[in-house]
**Student:** 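Before we start, here is the structure in question, set down as structure tokens.
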Protein chains: 4
Amino acid sequence: MSSAKPARVHAPRLAREQRVDEILLAARDLFCEKGYELTAVAEIALKLGVVEGTIYKYFATKRELLLKVLEYWYEEMFGDYARDLAGQSSHRARLHLLIWRHLRSVRDFPRLCRLMFREVQSEHDYRGSLLHDLNRRYTQLLVDVIEAGIAGGEFRADLPAPLLRSLVYGGIEHHSWAYIMNATVKNGRNVCGRGALDIDSLAEQLTTLVCEGIAVRHSHPSSAPIRGEDIPRGASA
Amino acid sequence: MSSAKPARVHAPRLAREQRVDEILLAARDLFCEKGYELTAVAEIALKLGVVEGTIYKYFATKRELLLKVLEYWYEEMFGDYARDLAGQSSHRARLHLLIWRHLRSVRDFPRLCRLMFREVQSEHDYRGSLLHDLNRRYTQLLVDVIEAGIAGGEFRADLPAPLLRSLVYGGIEHHSWAYIMNATVKNGRNVCGRGALDIDSLAEQLTTLVCEGIAVRHSHPSSAPIRGEDIPRGASA
Amino acid sequence: MSSAKPARVHAPRLAREQRVDEILLAARDLFCEKGYELTAVAEIALKLGVVEGTIYKYFATKRELLLKVLEYWYEEMFGDYARDLAGQSSHRARLHLLIWRHLRSVRDFPRLCRLMFREVQSEHDYRGSLLHDLNRRYTQLLVDVIEAGIAGGEFRADLPAPLLRSLVYGGIEHHSWAYIMNATVKNGRNVCGRGALDIDSLAEQLTTLVCEGIAVRHSHPSSAPIRGEDIPRGASA
Amino acid sequence: MSSAKPARVHAPRLAREQRVDEILLAARDLFCEKGYELTAVAEIALKLGVVEGTIYKYFATKRELLLKVLEYWYEEMFGDYARDLAGQSSHRARLHLLIWRHLRSVRDFPRLCRLMFREVQSEHDYRGSLLHDLNRRYTQLLVDVIEAGIAGGEFRADLPAPLLRSLVYGGIEHHSWAYIMNATVKNGRNVCGRGALDIDSLAEQLTTLVCEGIAVRHSHPSSAPIRGEDIPRGASA
DNA sequence: TATGAATGAGCATTCATTCAT
DNA sequence: AATGAATGAATGCTCATTCAT
């Protein structure tokens, strides 16, 4: 006669913010391990010991959860960028730093990159989203460095900065593709990529490749469409 | 078996090929219009006036159909590449041609590009597929040009050609992303991209950006790891 | 316990009542605007600036809230019926008044009618509910008028009063259906029905239609199962 | 080593029309037994020994299935109406027939009536639907009879036929409400209503009630707003 | 060769209600 | 009296693929 229905056991009550963080973390890990589509909201809930409804209390849709996971990541990536950039002695060094740090992000969180490419950027709701804005601000850092370098006489004056930005970020993405696709992951963080990314070497190569094209210098008369300028160039070490 | 019907040995094969082409065309158009996921096999069949089963006679899976559509496209893209490249007077001109033709492909078939990025390259079966091979051979053309340019003394000797390749193709992809995402399409071909791609100007800018970094010239002594060579070189390979 | 606060014995009860009224009003408005199912308890709470739990303090279930909303309405509808009926000079006039006032209710509160029909009367808990009882007392008024009219010799003696009641209320409901379904509403009150109800004309037509069937008169001998009576009867009861 | 997956057993292949009929029947029975909401599509499928997908092959949505079930019913109800009506000797007899047959429908299929009222007529997609049209054509039969009766001099000339139609159908609905709500049902057909509907008696009462109001006759001078006309009246038997 | 009927797994989302604080 | 975090059940629908005819 005692009721067969088990007493409802509630998960411990958490403050809103804590719960949100927990959910974001669990979602990030599962999305990274199994991909977005293959992760059921129920799994995320299970991992936290709550029910699906609890997650929907804090996130309106599964997709919103994905976007928030990536927004979190972007916010981390901004970190102390401003300070670190300021600490560099030349614009080229700043460029190198941006490239290196981006490569590091790719190396450490390949699956989050994959989520960005596959699930977010190629959907129509990306345009105009907060994530789009974060992404623009993130890559804008490079544009700023380029423009500062131009102003400082370290880079050529006629550079198409946005195209350059695409060259760098698109180039890194393209080059890391196989790594991104095959990396395996634990708790959202890379565990073993098939042939890890040698980010130091890559950053160096990329920076050189780019700079030797943009650094002001005496160009070969026949192929340079730009007037060589004789500006003093202290920073170009 | 002793039918009076005259033996038309090749006729059935022709019919089969025609059917296959028909299907590929219909599939390409629908995939481009609505995307891969949102296109039902039944729709493709409907467009051809057949039933689903018929399509499965010729293609084992929907995904195989997608891959074949893209393989066809790649094969078209190879076209007269070899001849056209040979017709160029310098390695820089060949590089420019590759860039321009790739941009043209993006401009004319943005939705096929999108299928490549979204549906194919980010799936695990891409690695090792025929399409992967085609893609490699396609981008290898650029590597070949670079290496020929190096051998011919037109480009610097120590260039990391694969990275350069990623720079170019990844850069183009990145730069064209918004265009690719928003292009509208009719019969697989672009109708109106939001802000068309100015491929002439882009090709010029890209080539310059890349070449000024790789073309042999007097570099700034302290930052150039490569010996500048002074010989103007009539650019033929 | 020995607080200096003056004992306000009834104040809390008043507060409670006010709260209840607030909730009923908010619920009525939302139920009318969006329908019962589509109104979430959370929305009602939101509208009042409280949380869901607060509403459950005063109403055990959402459905109870609905029933109470409609009970309130019925109680208003009774209003001064008795007095107003008494003021009429004939039973026919009383019947006309009942019909007219019912039509006015439909015209002014079409969405509440809809809630009655759709959400309440067609559920199994209606039978035996307070609302059912109110509804019966409400329609009983018409039966009473009919019977008084019979007793007073104004109406035929053999009328099936309950069937007549159904004819009137069912007929009104049926005739107003499109209006009820399409009315738009603000704060529970009708704003603009698609093609407003001309209740004066309708009431007249209905009364005539019904009375010419029930009023004592010379009927056609062959079809009338009732003895026609020849006495002109000054219609007062 | 033998696969654990059971061999897929297909339900017997049926011709499209047979399958459709089967589904409609099963759906009708379940909707009548449990109501629309409480019937899961999976249950209907189960009853037929097929899977849900099969049902969706023939009906786009669960709601479409409901509508088709009711359309079927309406079409049956039209039956030999025209012929049967023509067989009546007076307009009053025709009216009686309409009322009686409608009552019979209510008596035999109370749950289908309930579906009409609850699930269909009070939804916004009803207006303009095929079902709406069928319903109008069905009730139009009565309007036609009324108008023929007017033309034939059997009914009064100034009758508001649409209002009369509402009176009859709305009245029947209202009067049968408790029966409709409480009827229990087997295979879509009524088994035992709480207090069965005495349709013969009801039809007689209703016809009389209505006719004594509409049949042309010498009205009581003081209460009749209509000029008594001395038209020859053969049909009024 | 073509048909087209049948399969069947898979999951996001809502919201009335409870109850610890 | 009020809060608000947590529950948890319940299901319509899609579509690639198969296979009997």
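Only heavy atoms go into these numbers, but all of them, side chains included; no hydrogens, no water, no symmetry mates. Numbered from 1 within each chain, the chains take letters A, B, ... in sequence-line order. Everything quoted here is computed from the prediction, not taken from an experiment.
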**Student:** Which of these passes side chain to side chain contact (heavy atoms under 4.5 Å, CB included) with Leu66(B): Thr39(B), Leu131(B), Leu115(B)?
**Tutor:** Leu115(B)
**Student:** Give the rounded distance in Å between these two atoms: CG of Leu38(A) and P of dA9(E).
**Tutor:** 16 Å
**Student:** In chain order, what residues pass the ring pair (Phe, Tyr, Trp, His ring centres under 6.0 Å) check against Tyr36(A), with sequence neighbours excluded?
**Tutor:** Phe31(A)
**Student:** At less than 3.5 Å, do the side-chain atoms of Lys57(A) and the base atoms of dA5(F) form a donor-acceptor pair?
**Tutor:** yes
**Student:** Does OP1 or OP2 of dC13(F) have a side-chain N or O of Tyr56(D) closer than 4.0 Å?
**Tutor:** yes
**Student:** Let me know the distance between CD1 of Ile55(A) and P of dA12(E), rounded to the nearest Å.
**Tutor:** 10 Å
**Student:** Using the closest heavy atom to pick a nucleotide of DNA chain E for each, name whichever of Glu37(A) or Ala60(C) lands nearer the 5' end.
**Tutor:** Glu37(A)
**Student:** Is there any side chain to side chain donor-acceptor pair (under 3.5 Å) pair reaching into residues 48-68 of chain A, and which pairs are they, with sequence neighbours excluded?
**Tutor:** Arg63(A)-Asp125(A)
**Student:** As a check on the pairing definition, encode DNA chain E in dot-bracket form, counting Watson-Crick and G-U wobble pairs whose two distances are under 3.5 Å, and using | for partners outside this strand.
**Tutor:** .||||||||||||||||||||
**Student:** Below 3.5 Å, does any donor atom in the side chain of Glu52(C) face an acceptor in the base of dC15(E), or the other way round?
**Tutor:** no
**Student:** Are the side chains of Leu70(B) and Val120(B) in contact, using a 4.5 Å heavy-atom criterion?
**Tutor:** yes
**Student:** Look at Glu37(C) together with Arg118(C) and state whether they make a salt bridge at an N to O cut-off of under 4.0 Å.
**Tutor:** no
**Student:** At under 4.0 Å between heavy atoms, what does Tyr58(D) touch on the DNA or RNA strands: base, sugar-phosphate, or nothing?
**Tutor:** sugar-phosphate
**Student:** Answer yes or no: is there a donor N or O on one side and an acceptor on the other, between the side chain of Arg114(A) and the main chain of Ser122(B), under 3.5 Å?
**Tutor:** yes
